[in-house]
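To keep things clear, I will list the structure first and then write my remarks on it.
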Amino acid sequence: MTSTTSRARRAGIAAFVGTTIEWYDFYVYATAAALVFGPLFFPSGDPLAQTAAAFATFAVAFLVRPLGGIIFGHIGDKLGRRVSLVITLLLMGVSTVLVGCLPTYEAIGIVAPILLILLRALQGLAVGGEWGGAVLMSVEHAPAGKKTFYGGFTQLGNPAGALLASGIFAIMSRFGEDFIMDGGWRIPFLLSIVLVGVGFWVRYRVEESPVFEQKVEGRKQTMPLAFALRVNWKPILLGIGLLPISTGGYYLATTFATAYATGEPISMSPQLILDAMTIASFIEFLVTLPVAWLGDKWGRKNIMYIGLVTSVLTFVPFMLVLPGKVEPVIFLLASLVRIAMSATYAPIAAILAQMFRPQARYTSIALSYGVGAAIWAGFSPWFATMLIGWTGSVWSVIFMFVGMALLAGLCTWLAPQHSDEAPVTDSFTPRTDTTTARTA
């Protein structure tokens, strides 16, 4: 038991460090897209058009995430989770550093946004393979009854990465908007090279997943993608439907809210909203693991239901108070939204991982998360921006958010949960865990 716990702890820490770096890189781009990429890479006389164009490049990464899931899922199902995760970390780091080296539209014209889009696509490929593998390394190492908690280490990387990204932009905002626009925006991208070096060292030292070693490695397998599409298509679709708030809602409350607050007609100080997002990220970081721990006590699906309801109840007033620019209220609601959303995000690692049998599990979870993120997260900020332009009212975005929450709740209720402790058969079909008190 001590050896199992020690391996699980190392895997959890490695998942946390790796996903923190991956999400830092991802959120640095998202923050830059909300604040500077519009005028620097897509100059236009219309600020709304600039923001929409910047968010369109933001969406590119989500469109290629399913492809990343297929590529790295194949590697992870055939060669092992660890090999795939080392490659994704290096790919993400190199892509992010190169974004920080790009000349702007003013320097090289149309080539600048083209290169930006290509590097964003490489980021998407990396994240498409990263999240599923990190989830499996943490959940598959975890002992029975603690899978949601250890899966929470992977999810902890999201607020940690967001905290680092928004924090460094918040610090730079104190030097003035001109500092950021004149080249300061490059600093967070270039710093990624240091973080990747640390992450590579931590991740390479972790043992391979025991589920892969005991139930997948060395056995005759079909192509993981073919098996996933033939056998797991139903849970893959349910997995996609689980994610509207965990992914898309999150970006509505962060990236879109930042652009909405700093754009016309609100014109809030970037420093104010960045400070609010930084504090909210820190609070989410603090509550993620306790929420994941509760998932093992109360049932991970039950935590998901609580998160969906409270996300709606906090997102609505958050969006409505932004025009008033009342700082204490904005800070409070930004944090409450993130606490609520942590209950939709912390348990999702274990829920999705246990929806699939061991064979082709990496490919299946990567497809679910990649396609779901492409649909919900990739287009939510862009579509919300368009809705504001079409309707002139933030209520259109609020109604969209409520519909996303309802879909996520339905798919959570229908999601199956497999047991890793059940004996594996030649067809890789472990029993489905039908209990609801602890693992549902």
Side-chain angles (χ1 to χ4, degrees), residues 15 61-85 87-88 124-140 147 151 154 208-244 246-247 348-378 408 411-412 414-420 422-433:
F62 292 94
L63 292 177
V64 300
R65 276 172 73 163
L67 178 59
I70 292 171
I71 294 171
F72 294 108
H74 181 89
I75 294 172
D77 282 323
K78 287 285 191 178
L79 303 179
R81 284 53 163 138
R82 190 177 69 167
V83 174
S84 182
L85 287 174
I87 297 173
T88 60
L125 285 176
V127 170
E130 158 69 24
W131 187 86
V135 162
L136 294 187
M137 284 293 277
S138 57
V139 173
E140 291 182 343
K147 290 187 179 294
T154 303
E208 183 54 79
S209 156
V211 173
F212 178 80
E213 291 177 334
Q214 298 165 16
K215 301 188 177 185
V216 179
E217 188 177 28
R219 292 176 178 266
K220 184 178 180 180
Q221 298 185 67
T222 59
M223 287 288 291
L225 178 61
F227 184 91
L229 295 178
R230 186 179 75 253
V231 179
N232 291 341
W233 65 271
K234 287 183 180 179
I236 286 173
L237 289 178
L238 287 174
I240 293 169
L242 276 167
L243 297 170
S246 305
T247 57
I348 205 75
I351 292 175
L352 275 179
Q354 300 311 120
M355 286 176 67
F356 306 102
R357 62 200 74 193
Q359 189 185 23
R361 178 179 280 176
Y362 197 142
T363 301
S364 299
I365 192 174
L367 273 176
S368 283
Y369 198 80
V371 174
I375 295 172
W376 307 116
C411 291
T412 300
L414 294 172
Q417 295 287 271
H418 287 281
S419 169
D420 284 341
V424 68
T425 66
D426 289 339
S427 62
F428 294 87
T429 309
R431 67 177 173 82
T432 298
D433 193 332

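Everything numeric in this text was worked out from a predicted model, so none of it was measured.
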- Query: Which atom names give the shortest non-hydrogen contact between Ile365 and Gly132, and what distance separates them?
  - Reply: CG2-CA, 3.9 Å
- Item | Arg81 side, atom CZ; Glu140 side, atom CD - distance, nearest 0.5 Å | 4.0 Å
- Query: Is there side-chain contact between Gln417 and Ile351, with at least one heavy-atom pair below 4.5 Å?
  - Reply: yes
- Task: Kindly indicate whether the side chain of Phe227, heavy atoms from C-beta on, has any atom under 4.5 Å from the side chain of Arg357.
- Result: yes
- Message: Rounded at 0.5 Å granularity, tell me how far CE in Met355 sits from CG in Leu414.
- Response: 9.0 Å
- Query: Is the shortest heavy-atom distance from the side chain of Ser84 to the side chain of Tyr362 under 4.5 Å?
  - Reply: yes
- For residues Leu352 and Leu243, determine if any side-chain heavy atom of one lies less than 4.5 Å from a side-chain heavy atom of the other. yes
- Message: Side chains of Leu229 and Leu367, heavy atoms from C-beta outward: is any pair under 4.5 Å?
- Response: yes
- Measuring from Leu225:CG to Arg230:CZ, what's the distance to the nearest 0.5 Å? 11.0 Å
- Is the shortest heavy-atom distance from the side chain of Trp376 to the side chain of Ile240 under 4.5 Å? yes
- Heavy-atom side-chain proximity of Val139 to Gln354 below 4.5 angstrom: yes
- Indicate yes or no: at least one non-hydrogen side-chain atom of Pro416 is less than 4.5 angstrom from one of Phe356. no
